[in-house]
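Structure record follows, encoded as structure tokens.
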Amino acid sequence: MDRFMKRAVELAANNVKEGGQPFGAVLVKDDEIIAEGVNELHLKYDVSGHAELLAIRKAQEQLQTVNLDGYTMYASGEPCPMCLTAIYFSGIKKIYYCASIEDAKEVGLGASNFIYKDLSLPREQRSIDIIHMPLESGTANPLSEWAKR
């Protein structure tokens, strides 16, 4: 195991000792750790407080950019759908992970399997109602305003 994955796993193990979930993440560029994160759900009661997201947020704020193309994520666990989406949006192209989603499910942390399956269904078949409400005529359209910029 390389030093970046060792660090991600170390962060995860320490987080468990502190009452958190077993997830740590390290964001790397040019063989240097740029940012780290651990799941902070137990500290901030924020479902988006996942290790990968926190590492991404720290790096983007520190670097004043949303583009993390060329960076690599090392995660103690396979990223959940939310984290994976943020990784896509940030431009990260490579992820190394240790524990799989199936491993997480075995210890009671298995929501990702359900979410991945649910997202693959057509909107009308998903477990959450997703209802389209088109803009009414005469209402300002934020997308049109954006396009004008």
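Bear in mind that the values here come from a model prediction, so they are computed numbers and not experimental data.
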Notebook entry, point to check: Should I87 and I95 be marked as a side-chain contact (heavy atoms from CB on, under 4.5 Å) after you check the CA-CA gap, both sets of side-chain angles, and the distance that decides it?
Noted result: CA-CA 9 Å; I87 289 166; I95 308 164; 3.8 Å; yes

Note to self: Test side-chain contact (heavy atoms from CB on, under 4.5 Å) on I33 and L27; report intermediate values, then the result.
What the structure shows: CA-CA 6 Å; I33 294 175; L27 190 59; over 6 Å; no

Next item on the list: Step by step, work out the side-chain contact (heavy atoms from CB on, under 4.5 Å) result for E78 and L84.
Entry: CA-CA 9 Å; E78 185 175 358; L84 190 56; over 6 Å; no

Check: Taking it one step at a time, do L54 and R57 satisfy side-chain contact (heavy atoms from CB on, under 4.5 Å)?
Finding: CA-CA 5 Å; L54 294 174; R57 288 175 188 160; 3.5 Å; yes

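Checking S48 against D46 by side-chain atom types alone, a donor-acceptor pair falls below 3.5 Å.
With a 6.0 Å radius and a threshold of 12 heavy atoms from other residues, nucleotides or ligands, E61 has its CD atom at or below the threshold. Counted within 6.0 Å of CZ on R123, heavy atoms from surrounding residues, nucleotides or ligands total 12 or fewer; the atom is thus considered open.
Using a distance-only test at 3.5 Å, with no hydrogens or angles considered, a donor-acceptor pair links the side chain of N15 to the main chain of Q21. With hydrogens and angles ignored, the 3.5 Å screen pairs no side-chain donor or acceptor of D30 with any backbone N or O of E32. With hydrogens and angles ignored, the 3.5 Å screen pairs a side-chain donor or acceptor of S76 with a backbone N or O of G24. In terms of modelled atom types and a separation under 3.5 Å, the side chain of K105 and the main chain of A111 share no donor-acceptor contact. Of the possible donor and acceptor atoms, none in the side chain of T139 sits under 3.5 Å from a partner among the backbone N and O of L135.
Salt bridge R7/E10: present, at least one basic N to carboxylate O contact under 4.0 Å.
In this structure, V66 stands alone, with no Ile, Leu, Val, Met, Phe, Trp or Tyr side-chain heavy atom under 4.5 Å from its own, directly or through other members.
Between Y74 and F4, the ring-plane angle classifies as tilted under the 30° and 60° cut-offs.
With sequence neighbours excluded, the residues satisfying side chain to side chain donor-acceptor pair (under 3.5 Å) with D103 are S100.
For the atom pair I131 CD1 and D129 CG, the distance stands at 5.0 Å (nearest 0.5 Å).
Residues M82 and H50 meet the side-chain proximity criterion, which asks for heavy atoms closer than 4.5 Å.
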